Protein chains: 2
Amino acid sequence: MPEQPEMTIQGWGPARAAAGDTVPKAARRYLTRELGWTPRDTPPVPVAEIELAPSRLPDDVRTVLVGLLGEENVLTDRDARLRHAGGKSYLDLLRRRSGDASDAPDAVVLPGSTEETAALLTACSDRGIVVVPFGGGTSVVGGLAGMDPDDRPCVVVDLSRMAGLQAVDVPSSLATVGPGMRGPQLEEALGEQGLTLGHLPQSFEFATIGGYAATRSAGQQSTGIGRFDDLVAGLTLATPVGVLELGHAPASAAGPDLLGLAVGSEGTLGVITEVRLRVRPKPRTVHYEGWSFRSWAAGLAGLQRLARHDLLPDVVRLSDADETRANLLMATGAGARALRGALKARGRADGCLLVLGWEGLPTLVRARMKTAASVLREDGALRLGSKVGESWRAHRFDGPYLRDRLMDHGLLVETLETAASWTALPTVYDAVLRALRTSLTREGKRPLIMTHLSHGYPTGGSLYFTVLADRDDELPIQQWLTAKRAATDALMSAGGTLTHHHAVGADHRPWLEREVGPLGVEVLRVVKQRLDPNGILNPGVLLPE
Amino acid sequence: MPEQPEMTIQGWGPARAAAGDTVPKAARRYLTRELGWTPRDTPPVPVAEIELAPSRLPDDVRTVLVGLLGEENVLTDRDARLRHAGGKSYLDLLRRRSGDASDAPDAVVLPGSTEETAALLTACSDRGIVVVPFGGGTSVVGGLAGMDPDDRPCVVVDLSRMAGLQAVDVPSSLATVGPGMRGPQLEEALGEQGLTLGHLPQSFEFATIGGYAATRSAGQQSTGIGRFDDLVAGLTLATPVGVLELGHAPASAAGPDLLGLAVGSEGTLGVITEVRLRVRPKPRTVHYEGWSFRSWAAGLAGLQRLARHDLLPDVVRLSDADETRANLLMATGAGARALRGALKARGRADGCLLVLGWEGLPTLVRARMKTAASVLREDGALRLGSKVGESWRAHRFDGPYLRDRLMDHGLLVETLETAASWTALPTVYDAVLRALRTSLTREGKRPLIMTHLSHGYPTGGSLYFTVLADRDDELPIQQWLTAKRAATDALMSAGGTLTHHHAVGADHRPWLEREVGPLGVEVLRVVKQRLDPNGILNPGVLLPE
C-alpha cells in the first residue's frame, strides 16, 4: 500500500509550499473590490507555540490500553495529540492557527482489529474515558470537536492501522475495506483489478472509508453512482457492549434497517471497524463538459427536467451567476481568457456555468448525453465543450488548499450546504443568501457568496455555498457563528435539510431536533443508551444537549 | 376514486368464479405425474361455518373508541372481524378454509386521520388493547397473525378511510398518499397527471401503500425503479407516545436514518398514516421480451454481467429449468405450442427462460437493450421475441388465483424467497432445493419446486421459490412448517437473507436474531419500548419471543 501523507496541523494538505504560497493576483484584485477586504498578513502562530495541556490519561487506564494494544499503539506525545485535535472546519482552523488546542485528546490509540477495538471500548466505558473515532480528521462540522459535558479524559481512536483492502468479490462487485483506508489508496488497490469505488468528495485525498460511512458522505459523482450510504452494503460496528454485523447484500426485508442507523452515527454509537462496499468496473468512457445557462432559474429548470426522466449525468454542478463570475474573473491563463471572450460574444457574460460529467459504457454514455443535450437545449442552454469540464475536473480538490492561503491574509472562508426538493430549492437559495448577506455586511464590507447545485436527484438537489468575507480580527469565531446560525435557521425554515453531506457534528447539533422532531431525538437517545450506556462515544456531537 | 373490491375471506381475489373454477387439464396432468398427486376435492368449509369467538372488546374501550372515531367506524360484527383475520399465506388459508378464525380481532376500527390514529393508539395503550394495522390484508408471512403472549383483546386498525392521493408536487416528482390506498387506484390517480409509481408486486391488486412501506416490499419492476424503500421519500408514523415525521427529500446527512427504522417496522413501532412517494413520468416506451439460456448457471452468469455494468433492465425474471418446463407444459393455446416447438427445434427444450422488461425514454431503452443484448449473446442466450414477454406480463398477477384452485384439490402451494450475492446465489439455490425435497418427499410423492431469480442488483439477486406438493390431509400445517423451517435454515446457512421482500411477520421471527444478531434485536427492542411502552403494537410479529 502506498504511503498515506500526514495532514498539516493548522491547515489542509501534507505541507505548505514555501514559495508562491500566496493569493493569486487576479483573485486578490477581485476580492478586494467585492468584499471591501483589506489584504493583510494574518499567519498562524508557529506550531511550537500551540498551547497543549498535559495529558490527563490516568496511569491505570494507560496500563490497560497498553496491555490491549501494545506500547507503540498508545500515544500521548505532543505531536500525536495535536494531529488528532479537531477537524478542518474554518472554526477548527481559526483555533489551531491562534494557538488553541484545548480540544486535543489526552491520548491517541491505534487498534489493529475489530476485537481490539471492542476490547478498548469496553475498557474505556468501564473507566469513564471518552472515545472519539478518527479517520482522516477532515470533518468540517466539528465532528471531532465535541465537548464532553463531564469533561472526562479523552482518547482518540486512530483507525490508520485498519486501512487495507481485505477482500474483493468480483462477481458480486463487493469489496471489504478497513475503515482507516483513504480514497486514493483504495482506488489504487481496486484499480489493479479493473474496479473503482468512485466516491470523490472534496476531502478525497485525506478522508477515510470509515469516515464516509459515519457521516453519510456524498461525493462529486454521487448524482450518478449514489451517496456513500448507497455504496455501503454492510459494516461492522464495535460498541462498548458488543459487536454488530449489519447489512445483507444485495437487499433484505428483514425488518427495520439497522445498517442505516450505524451509517451517519458519527462515532456516537460505536466505531466502524470494517465496511463492505459496492464497487464497479472502471468506466470505459469519461466525458466532462461545460454548458452555459442564461440564468440560475433556467439552469434549475433544465436540471429538474433531466432529473425527472432519470437523465442526470454522474457529475452535475450548476454555478449561480456570482460563482460563475467569480470563477471566471479569478481564473488565470489563456483558457480562462478565451472562455470569458466566448461567453461575452454570445451574450452570456452574466450567465450560469454548468459542468456535467458522464462515465460508463461508451454506447450508454453517448445515448444519455444525446438525450440530455436535447432537453438542455430546450431550456436555452449553450454547450461550451469539454475544456471547461476538464478544467473543473483538474482542480476538483483545490478548494481547501486555497482556503489556507486566503486565511493567511485576513479572510473568512467557509462553506455550508443543504438539500431541498426542486420546488423548495429557489426559496432555500434566496433565504440563505439573504441571511448570510445580512449577517456579514458591515460598514464598507460585504460577503461574496458563491453557490452551486452540487448533486441532483429525481426529487431535488443539494446547494453548496462558499462564503468569503473580510475577517473580523477581534471576534472571528463569533462572526462566523452568527452568520452560520442565521443561514441554518433560514434554510430550515425554507424547507431545506440541516445537512446534505457534511453531517451534524458539534456545529449542527442544536438543530437536530428541528430536523427529526423531539421524539426522533428520543429514539436516537435510547439506541445510544443501549449501545453506549456510559455515554463515552463522541459526546458533544450529533445529539443535542 | 374508483371502488376498491373486497377480498374474499378464504382465498384471493374479490370473489371465486362459479364456472370453470378448476385446475386446467394440462396442469392437472403434469402435476399428477410430477408430484404423485391424487387430485381430490378439498373445498373450504362454508364461510357461515367458520367458528368465531365472541368479541372481547371491553365496553368502556368501545365507548372511548366510538367517542374518538364515531359509531360507524368501530365494528365488531362477524363479517368485519372475519375479513380482518390474518393474511393470505398458505397457512392463513389452511386455517380459514378449515373453519378456524381464532386469530380474528375483537373489533375493527377505521380512523380517518393521523390525529385520530394517534389518539386511538394512546387510548389502546393506556387500556392494554392490542392494535394490529391492516392495509390490504395480503401478508404471506403471518404479518397479521401474530399472537399476543398476554392474550389481550385485539383491535385491527383498518386504513381504508385514509386512502387518497393527497398532494402531488410534479416538479419534485413527489406524491403524498394515504396508507390505505391500493396500487390500482393510485396508478389511476397519478396517471391523470402523466405520472406513475410503478410498484407492481404480485399482490398489486389488493395491497396498500402503507403495507408496502411497513414490509419493505419489492415489486416486479424493482430491479429498474428500486424497492419500495427506495420509493419512500418520507412518512408519518403515529405511535402511542406521539407522531414521527420522517424523511427529508431528496436526501440528508443529518444523522442515522430514522425513516429506515419505520420502513419495515411491520406495525410494531406505530401505524403509518401518510407516505410521501417518489413518482415518475409514465414510460414512453415499454418493451417486454423473452430469452432462452442453455442452463441456470449460464443465465445467472449472463445476468451478473449485466448487473455489474448497470445494464439490468427494469424487469428481470430468470426461471430455472424446472420452472421453465412446468410453465411450458402447463400453458395452453397456440402460443405455448409454438414456443415449445421453437425451443425444441433449437435444442433448448431443457433451457431456462428469461423475461426482460424495459421501460422509459425510447432512445435510452433502445441503447440499453442493444448493449444488454450483446452481453447476453456472449453468454449464449437466444432471443425469443416479445410474445413471451407480453404473455408473462398479461398473467403477472395470476399466481394467487391459481393457488386457490389448487388448494381446492388437495395440493400444498406456497412460495418463499431470499436474496444473496451473485457469488452465494448458486449455493443458496442448491441448499433450498435440497432442504425442500428432503422434507416434502415421502413414499410415492415428491415436491415440484419452481424457482426464478426475480430481482437483480449489482451485488446479487433475489430467488423466488414456488413449491407444490400433494397435501398431507392429516397434518397440512405441520407438513409446511417442517419444510419451511428446513428451507429457511438452509438458505441462511448458505448466505441468503431471511427475506428479500415478504418481510418477517410471525413466520420468520424465530430467525431474526440469526439475521441481525442478538445485539441487533436488542436495539430494535429498545426502540419499540420507547415508542410502544405497553407492547400493544402487533405483538407476535417481527421481534423474537
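Residue numbers start from 1 in every chain, and the chains themselves are labelled A, B, ... in the order their sequence lines are given, proteins ahead of strands. The shown structure was predicted, so the numbers you read here are calculated from the model rather than taken from an experiment.
For a residue to count as touching a neighbouring chain, one of its non-hydrogen atoms must lie under 4.5 Å from one of that chain's; by this rule B:Leu531 touches chain A with the side chain only. Contacts between A:Ala233 and chain B at a heavy-atom distance below 4.5 Å are absent for every atom of the residue. Neither the backbone nor the side chain of A:Leu237 comes within contact range of chain B; no heavy atoms are under 4.5 Å apart. The part of B:Thr239 that comes within reach of chain A is its side chain, from C-beta onward, which places non-hydrogen atoms under 4.5 angstrom from that chain. Residue B:Ala301: no heavy atom, backbone or side chain, is found under 4.5 Å from chain A. Contact annotation for A:Val241: both backbone and side-chain heavy atoms come within less than 4.5 Å of a heavy atom of chain B. Proximity to chain A is limited to the side chain of B:Leu195, based on heavy atoms less than 4.5 angstrom apart. Interface remark: B:Arg227 contributes side-chain atoms only to the contact with chain A (heavy atom separation under 4.5 Å). Contact annotation for B:Thr215: only backbone heavy atoms (N, CA, C, O) come within less than 4.5 Å of a heavy atom of chain A. Heavy atoms closer than 4.5 Å to chain B are found in both the backbone and the side chain of A:Val170. For B:Leu543, no part sits under 4.5 Å from any heavy atom of chain A, backbone or side chain. If you measure heavy-atom distances from A:Leu258 to chain B, the contacts under 4.5 Å come from the side chain alone. For B:Val263, the part lying under 4.5 angstrom from a heavy atom of chain A is the backbone only. Interface remark: B:Arg276 contributes no atoms to any contact with chain A (heavy atom separation under 4.5 Å). Residue contact with chain A, scored on non-hydrogen atoms closer than 4.5 Å, involves the backbone and the side chain of B:Ala251 alike. For B:Leu542, the part sitting under 4.5 Å from any heavy atom of chain A is the side chain, from C-beta outward, and nothing else. Looking at B:Leu174, the atoms closer than 4.5 Å to chain A (heavy atoms on both sides) all sit in the side chain, from C-beta outward. In this structure, chain A has heavy atoms under 4.5 Å from both the backbone and the side chain of B:Arg308.
Using a 4.0 Å cut-off between charged side-chain N and carboxylate O, B:Asp532 and B:Arg525 make no salt bridge. With respect to B:Asp314 and B:Arg368, a salt bridge is recorded, a charged nitrogen being found less than 4.0 Å from a carboxylate O.
A distance of 4.5 Å separates CH2 in B:Trp511 from OG1 in B:Thr488, rounded to the nearest 0.5 Å.
In terms of heavy-atom proximity, B:Ile272 sits nearest to B:Ala213 at CD1-CB, 3.9 Å. Taking both residues in full, the closest heavy atoms of A:Glu515 and B:Ser252 are given as OE2-OG, 3.5 Å, listed atom of the first, atom of the second, then distance.
Looking only at side-chain heavy atoms (C-beta outward), A:Glu359 and A:Thr285 stay at 4.5 Å or farther from each other.
Relative ring orientation between B:His502 and B:Tyr464 is described as perpendicular, the plane-to-plane angle rising above 60° on a 0-90° scale split at 30° and 60°. Using the six-membered ring where Trp is involved, B:His455 and B:His500 have ring planes that are tilted, between 30° and 60° apart.
Residue pairs that meet the ring-ring contact (aromatic ring centres under 6.0 Å, His included) test with at least one member in residues 222-255 of chain A, sequence neighbours left out, are A:His199-A:Phe228, A:Tyr212-A:Phe228.
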Inset, instruction - Show your working on salt bridge (charged side-chain N to carboxylate O under 4.0 Å, His left out) between B:Asp310 and A:Arg278 and close with a plain yes or no. - result: CA-CA 12 Å; B:Asp310 275 330; A:Arg278 184 244 160 137; 3.5 Å; yes
